[in-house]
Q: 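Here it is: the structure, laid out below.
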Amino acid sequence: PCDLAGQEAVCADGSFCFIAEDAESGAGICVENTPPTIDRVIANRNADRLLVQIDGADPSRDVTRGLLQLYNGMNRIVLDPDEGADTYIIDPSDSVFGLDAFAFRFRTVVFDRWPEATDIRVALEDGQGNRSDWSTANIGEAPEAEEASCDEHRIQDACPEGTECFDRDE
């Protein structure tokens, strides 16, 4: 065990004191300071919404946010020409902090301002400032969900018009 202040127990070089969000005592464990990795990126469009799922892993379990860039083919889209900004800082729909393997999901409206976007590039960052390698994905149309099941997060598929997807476990 370790403590965040490093007064009772200090972690070895290359490690840090990880304290879970729900830890009652404030005691943590020493974990290796490693960057997150991205295994797969799904990017779909549903009307004006961009739907993204990043399947990844982080043995340090401290992923806090993602970075998103929009592309039109090979050309990065400048999101704010006045500032030269080209990268969104994104938060997951549901926290992935504390998980070593996860699905980082994000949904937002982008196609009303950048209808020309055809691809995305994403990276993940953790609480220690480590960043994953960038990963790219083509933006597809969200396929229509099967009648018997659908993606409750509405990222991997879209409900047919006039229907909704409900979580069967709720």
Side-chain angles (χ1 to χ4, degrees), residues 1-46 49-71 76-77 79-80 83-110 117 119-140 142 149-157 165-170:
C2 59
D3 68 293
L4 201 53
Q7 295 179 358
E8 294 180 28
V10 178
C11 296
D13 284 346
S15 297
F16 69 97
C17 187
F18 172 79
I19 299 177
E21 290 178 333
D22 59 353
E24 292 179 20
S25 66
I29 57 171
C30 292
V31 296
E32 186 178 356
N33 187 9
T34 59
T37 58
I38 296 175
D39 300 319
R40 177 177 77 146
V41 179
I42 299 168
N44 282 320
R45 177 182 184 154
N46 189 354
R49 288 191 169 276
L50 174 63
L51 317 169
V52 177
Q53 178 172 313
I54 305 167
D55 295 333
D58 185 22
S60 303
R61 301 187 306 260
D62 65 331
V63 167
T64 55
R65 67 184 189 174
L67 302 173
L68 168 73
Q69 296 173 337
L70 301 176
Y71 279 77
R76 189 176 317 164
I77 297 172
L79 307 174
D80 182 350
E83 299 292 325
D86 63 4
T87 304
Y88 272 109
I89 296 173
I90 57 175
D91 294 320
S93 301
D94 297 308
S95 176
V96 297
F97 189 85
L99 301 175
D100 58 357
F102 50 81
F104 183 112
R105 296 181 182 97
F106 175 76
R107 300 165 36 136
T108 191
V109 174
V110 297
D119 303 271
I120 63 168
R121 192 168 91 134
V122 295
L124 298 172
E125 291 186 341
D126 67 21
Q128 302 302 306
N130 297 312
R131 180 184 294 171
S132 70
D133 291 335
W134 287 91
S135 292
T136 59
N138 295 328
I139 300 171
S149 66
C150 60
D151 175 17
E152 67 183 90
H153 303 286
R154 295 167 195 82
I155 292 175
Q156 297 187 44
D157 57 31
C165 186
F166 292 103
D167 183 354
R168 296 175 193 266
D169 295 331
E170 287 187 358

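Quick caveat, the model's predicted, so the values are computed rather than measured. The first residue of the sequence shown is numbered 1, and numbering continues consecutively from there.
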Q: Name all residues meeting the side chain to side chain contact (heavy atoms under 4.5 Å, CB included) criterion together with N33; count only those two or more places apart in sequence or in a different chain, and write none if there are none.
A: F16, Q128, N130
Q: Can you list everything that forms a side chain to side chain contact (heavy atoms under 4.5 Å, CB included) with D13? Sequence neighbours excluded, please.
A: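 Partners of D13 under the side chain to side chain contact (heavy atoms under 4.5 Å, CB included) test: none.
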Q: Roughly how far, to the nearest 0.5 Å, is SG of C2 from CD1 of I29?
A: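 The distance works out to 7.5 Å.
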Q: Is the number of heavy atoms from other residues, nucleotides or ligands within 6.0 Å of CG (D80) greater than 12?
A: yes
Q: Name the one of I42, L50, N44 that satisfies side-chain contact (heavy atoms from CB on, under 4.5 Å) with I139?
A: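 Among I42, L50, N44, the one that satisfies the side-chain contact (heavy atoms from CB on, under 4.5 Å) with I139 is L50.
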Q: Measuring only between side-chain heavy atoms, which start at C-beta, is I38 closer than 4.5 Å to V122?
A: yes
Q: Under the salt bridge (charged side-chain N to carboxylate O under 4.0 Å, His left out) rule, collect the residues that match up with D91, sequence neighbours excluded.
A: none
Q: If only atom types and distance count, is the side chain of D100 paired as donor or acceptor with the main-chain N or O of P59 below 3.5 Å?
A: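 Not a single qualifying donor-acceptor pair exists.
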Q: Of all residues at least two apart in sequence or in a different chain, which pass the side chain to side chain donor-acceptor pair (under 3.5 Å) check with T136?
A: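 T136: no side chain to side chain donor-acceptor pair (under 3.5 Å) contacts found.
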Q: Could you tell me if the side chain of F104 sits less than 4.5 Å from the side chain of D55, heavy atoms only?
A: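 Sidechains of F104 and D55: no contact.
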Q: For E125, what residues pass the side chain to side chain contact (heavy atoms under 4.5 Å, CB included) criterion, not counting sequence neighbours?
A: R65, L67, R131
Q: Is the SG-SG separation for the cysteine pair C30 and C11 below 2.5 Å?
A: yes
Q: Would Q53 and F106 count as a side chain to side chain contact (heavy atoms under 4.5 Å, CB included) if you check the C-alpha gap in whole Å, the side-chain angles of each, and the deciding distance to 0.1 Å?
A: CA-CA 6 Å; Q53 178 172 313; F106 175 76; over 6 Å; no
Q: Taking only residues two or more places apart in sequence, or in another chain, which ones meet E32 in a side chain to side chain contact (heavy atoms under 4.5 Å, CB included)?
A: T34
Q: What distance do Q69 atom CD and L79 atom CG have between them, rounded to the nearest 0.5 Å?
A: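 If I round to the nearest 0.5 Å, the distance is 8.5 Å.
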Q: Report yes if some heavy atom in the side chain of L68 is under 4.5 Å from a heavy atom in the side chain of I120; otherwise report no.
A: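 Result yes, sub-4.5 Å side-chain heavy-atom pair found.
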Q: Excluding sequence neighbours, so at least two apart, what forms side chain to side chain donor-acceptor pair (under 3.5 Å) with R49?
A: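 Here no residue qualifies.
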Q: Applying side chain to side chain donor-acceptor pair (under 3.5 Å), can you list everything that pairs with Y88, at least two apart in sequence or on another chain?
A: none
Q: Ring centres of F18 and F97 under 6.0 Å apart?
A: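 Judged by ring-centre distance (under 6.0 Å), F18 and F97 do meet the cut-off.
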Q: Hey, what do you get for CD1 (I77) to CG (L70), rounding to the nearest 0.5 Å?
A: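 Interatomic distance, I77 CD1 to L70 CG, rounded to 0.5 Å: 5.0 Å.
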Q: Given 3.5 Å as the limit, does a donor-acceptor pair link the side chain of S132 with the main chain of L124, or not?
A: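 Yes, S132 side chain to L124 backbone: donor-acceptor pair under 3.5 Å.
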